[in-house]
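Let me begin by handing over the structure; questions about it come next.
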Amino acid sequence: MAALRRMFHLPSLMMGMCRPFPDSLAGSCLADRCLWDRLHAQPRLGTVPTFDWFFGYEEVQGLLLPLLQEARAASPLRVLDVGCGTSSLCTGLYTKSPHPVDVLGVDFSPVAVAYMNSLLECGQGQTPLCPGHPSSSLHFMHADAQNLGSVASSGSFQLLLDKGTWDAVARGGLPRAYQLLSECLRVLNPQGTLIQFSDEDPDVRLPCLEQGSRGWAVTVQELGPFRGITYFAYLIQGCH
């Protein structure tokens with residue numbers, strides 16, 4: 001969460017945004033949908049259509065692509081990004097993965113979902129998104145990651161991505177974060193992988209994940225530093 005707090009205090013890090021949020025939002029609850037609706041409605045500068053907390057697809061493709069390679073038995077590989085916002089994770093996987101992927105981004109902010117769907121429809125003055133593999137597809141859906149019943153049945157996805165979503169949901173209380181984790185594991189294939197990207201220290205995050213992921217293997221990899229901040233990839237995988 002340190003990186004999120006720093007972003008609220010340091011407008012220069014809010015890449016792609018026309019103007020920063022007021023400093024008063026530094027104390028706001030990051031689990032509040034209205035806050036994210038306001039953020040995603042902000043105009044963007046330049047030609048970058050997406051906005052990433054922490055980092056974007058380019059920084060983690062070296063971690064993601066080997067996982068896609070290993071899971072090629074499922075074709076296309078089903079990927080779910082929970083709390084996708086307007087991040088480049090979904091679009092990066094769709095346009096740059098050499099392996100066939102069926103990517104779904106879900107977010108509880110209708111503003112974020114509408115914006116990402118407009119990119120698919122060649123809106124925002126952008127050129128069409130071209131898949132990295134002819135069998136790949138990309139979709140966005142308005143849904144609460146704590147209740148994915150309308151999104152998928154159990155075991156539907158081979159790869160789940162959570163970039164800062166646990167961090168934000170936990171600001172509304174750890175029970176909500178555990179509900180998020182439970183739903184992610186429910187829709188994750190038993191041989192699949194859930195990755196949580198965060199700047200939270202492993203001494204804090206690992207005990208929570210181990211408690212909420214009994215029967216799954218939990219490991220951590222260090223990422224970065226990116227713009228001077230060290231991040232972590234928490235991998236939750238089936239024990240097989």
Side-chain angles (χ1 to χ4, degrees), residues 1-10 13-15 26 30-31 36 50-71 79-90 92-93 96-97 103 105-107 145-146 157-185 187-188 192-239:
M1 285 306 298
L4 280 175
R5 289 194 295 268
R6 280 192 285 269
M7 282 185 176
F8 279 119
H9 285 294
L10 297 177
L13 290 181
M14 301 190 71
M15 303 294 291
L30 297 178
W36 295 103
T50 54
F51 171 72
D52 284 290
W53 296 112
F54 298 165
F55 46 77
Y57 171 78
E58 297 291 339
E59 286 80 2
V60 293
Q61 62 179 333
L63 172 64
L64 297 180
L65 291 181
L67 289 173
L68 299 178
Q69 171 73 22
E70 293 171 7
V79 182
L80 176 64
D81 183 359
V82 293
C84 64
T86 57
S87 165
S88 64
L89 276 188
C90 289
L93 275 171
K96 298 182 180 179
S97 170
V103 183
V106 301
D107 202 281
Q146 297 175 66
F157 293 91
Q158 286 76 41
L159 179 63
L160 261 75
L161 305 176
D162 170 344
K163 184 159 68 73
T165 302
W166 165 289
D167 302 67
V169 170
R171 292 293 290 271
L174 267 180
R176 294 185 179 184
Y178 280 122
Q179 175 61 26
L180 166 68
L181 177 60
S182 175
E183 273 295 271
C184 287
L185 295 179
V187 302
L188 181 64
T193 301
L194 163 63
I195 308 177
Q196 289 188 354
F197 296 108
S198 177
D199 71 330
E200 186 169 54
D201 191 276
D203 289 342
V204 177
R205 180 66 62 91
L206 281 177
C208 293
L209 295 182
E210 289 167 351
Q211 177 179 332
S213 308
R214 299 189 188 279
W216 298 77
V218 182
T219 57
V220 60
Q221 295 185 29
E222 187 171 304
L223 302 173
F226 306 130
R227 296 196 295 271
I229 302 173
T230 298
Y231 296 93
F232 301 94
Y234 296 93
L235 284 77
I236 304 173
Q237 298 171 299
C239 298

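Residue numbers count from 1 along this sequence.
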Can you find a pair of side-chain heavy atoms, one from Leu89 and one from Val103, that are under 4.5 Å apart?
no
If you define the side chain from C-beta out and look only at heavy atoms, does anything of Leu68 sit under 4.5 Å from Leu93?
yes
Hey, what do you get for CG (Leu206) to CZ (Phe232), rounding to the nearest 0.5 Å?
9.5 Å
Could you list the residues that satisfy side-chain contact (heavy atoms from CB on, under 4.5 Å) with Ser182, not counting sequence neighbours?
none
Please identify each residue that fulfils salt bridge (charged side-chain N to carboxylate O under 4.0 Å, His left out) with Glu59, with sequence neighbours left out.
none
What are the two closest heavy atoms between Asp107 and Gly85, and how far apart are they?
OD2-N, 2.7 Å
Nearest heavy-atom pair of Pro202 and Val220: which atoms, and what distance?
CG-CG2, 4.2 Å
Decide yes or no for Leu188 and Leu80: does some side-chain heavy atom of the first lie under 4.5 Å from some side-chain heavy atom of the second?
no
Just how far is it from atom OG of Ser213 to atom CG of Leu194, taken to the nearest 0.5 Å?
7.5 Å
Do Trp166 and Leu209 have side-chain heavy atoms sitting under 4.5 Å apart?
yes
Please, which pairs that meet ring pair (Phe, Tyr, Trp, His ring centres under 6.0 Å) have at least one residue in residues 196-218, sequence neighbours excluded?
Phe55-Phe197
Minimum heavy-atom distance between Cys84 and Asp81, given as atom pair plus value
CB-OD2, 3.5 Å
Identify the heavy atoms of Pro225 and Gly228 that sit nearest to each other, and give their distance.
CB-C, 4.0 Å
How long is the gap from CD1 on Ile195 to NZ on Lys163, to the nearest 0.5 Å?
12.5 Å
Lys96 side chain reached by Tyr57 side chain, heavy atoms, under 4.5 Å:
yes
Between Tyr178 and Cys208, is any pair of side-chain heavy atoms under 4.5 Å apart?
yes
For Tyr234 and Ser198, work out which heavy atoms get closest and say how close.
CE1-CB, 4.3 Å
Enter the distance from Thr86:OG1 to Asp52:CG here, rounded to the nearest 0.5 Å.
7.5 Å
Identify the heavy atoms of Gln196 and Leu181 that sit nearest to each other, and give their distance.
NE2-CD1, 4.2 Å
Separation between CG of Leu159 and CG of Leu64, rounded to the nearest 0.5 Å
6.5 Å
Report yes or no: does Gln146 contribute a side-chain atom to a donor-acceptor pair with the main-chain N or O of Gln179 at less than 3.5 Å?
no
Quick check: does any side chain N or O of Thr165 sit under 3.5 Å from a backbone N or O of Val82, one acting as donor and the other as acceptor?
yes
d(Arg176 CZ, Leu174 CG) to nearest 0.5 Å is 11.5 Å
